[in-house]
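Working notes, beginning with the structure itself.
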Amino acid sequence: KQWYQRRVRGSCNSKYSNIADFCTEFDEYLEGLVQLPGKLLIAGDFNIHVEDKTNAESKKFSTILSLYGLVQHVNSVTHIGGGTLDLILTRENIQDSIPINDLTYDKTLTTSDTLFVRFTSSF
């Protein structure tokens, strides 16, 4: 039987004054994290409009994900003002990928300006 290590991380870029600073630090964080073996799931409010493929910040973030072999699974609006800001990231390679299923986006019972992203997975 093969054993896999699993790593689950949360992320939020609200402490950064600009996306460029967040991308630089996230790049450095991933550089070490992706070297570790096993499955990986990173989820959280990134405050980057990944749905806007023409946006320079979105392009930079997408390039970082590609560089480290990560895929983004959320494909719907997650902010009440529009935009896909809450993300679920996993490894792209088949051996260490994590299936993300049954994605739903629900209003929260709080005053949050983001939707609650729910999914199922088996890993």
Side-chain angles (χ1 to χ4, degrees):
K1 185 174 186 173
Q2 231 177 350
W3 293 95
Y4 293 101
Q5 290 186 353
R6 298 177 189 119
R7 300 189 190 312
V8 178
R9 298 282 189 259
S11 182
C12 180
N13 82 359
S14 62
K15 75 174 190 169
Y16 296 91
S17 60
N18 64 61
I19 301 298
D21 288 346
F22 171 76
C23 284
T24 298
E25 191 166 314
F26 192 62
D27 185 8
E28 292 168 2
Y29 172 70
L30 288 177
E31 186 176 14
L33 187 62
V34 299
Q35 300 300 322
L36 301 172
K39 298 183 181 293
L40 174 66
L41 185 140
I42 302 171
D45 180 355
F46 285 79
N47 282 330
I48 298 172
H49 284 269
V50 297
E51 81 285 352
D52 184 355
K53 305 300 182 201
T54 63
N55 180 288
E57 295 165 339
S58 175
K59 286 181 183 179
K60 181 174 184 169
F61 186 74
S62 293
T63 298
I64 291 169
L65 297 183
S66 294
L67 178 67
Y68 293 108
L70 299 174
V71 292
Q72 197 289 108
H73 296 273
V74 177
N75 56 10
S76 183
V77 171
T78 63
H79 189 269
I80 60 172
T84 304
L85 307 178
D86 301 272
L87 311 177
I88 300 169
L89 311 174
T90 62
R91 294 188 197 264
E92 187 173 35
N93 72 56
I94 299 298
Q95 180 181 354
D96 290 325
S97 67
I98 297 173
I100 303 298
N101 304 304
D102 306 319
L103 272 163
T104 59
Y105 313 91
D106 304 310
K107 281 192 159 196
T108 66
L109 300 175
T110 67
T111 58
S112 175
D113 61 353
T114 61
L115 300 176
F116 182 73
V117 179
R118 184 187 326 234
F119 65 94
T120 61
S121 185
S122 57
F123 68 99

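Taken together through direct or relayed side-chain contacts under 4.5 Å among Ile, Leu, Val, Met, Phe, Trp and Tyr, F116 and L103 form parts of separate hydrophobic clusters.
Put simply, CZ on R118 and CG on D102 are 10.5 Å apart, with the number rounded to the nearest 0.5 Å.
Among all heavy-atom pairs drawn from T78 and V74, the shortest one is CG2-CG1, 3.6 Å. Here the shortest heavy-atom pairing between R91 and V34 reads NH1-O, 3.3 Å.
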side-chain contact (heavy atoms from CB on, under 4.5 Å) between T90 and V71, intermediate numbers included: CA-CA 6 Å; T90 62; V71 292; 3.4 Å; yes
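The shortest side-chain heavy-atom distance between L41 and I100 falls under the 4.5 Å cut-off. You'll find the side chain of Y105 stays beyond 4.5 Å of the side chain of V77, heavy atoms only. Between E92 and Y68, the closest side-chain pair of non-hydrogen atoms is not below 4.5 Å.
Residue I64 is tested with L30, L70, T24 for a side-chain contact (heavy atoms from CB on, under 4.5 Å); the sole match is L30.
A donor-acceptor distance shorter than 3.5 angstrom exists from the side chain of K39 to the backbone of S97, with no hydrogens or angles considered. With T84 contributing its side chain and S76 its backbone, the two residues share a donor-acceptor pair below 3.5 Å. Distance alone, capped at 3.5 Å, is enough to place a donor-acceptor pair between the S121 side chain and the P99 backbone.
In this structure, F26 and F46 have perpendicular ring planes: the angle between them is above 60°, well past the 30° mark.
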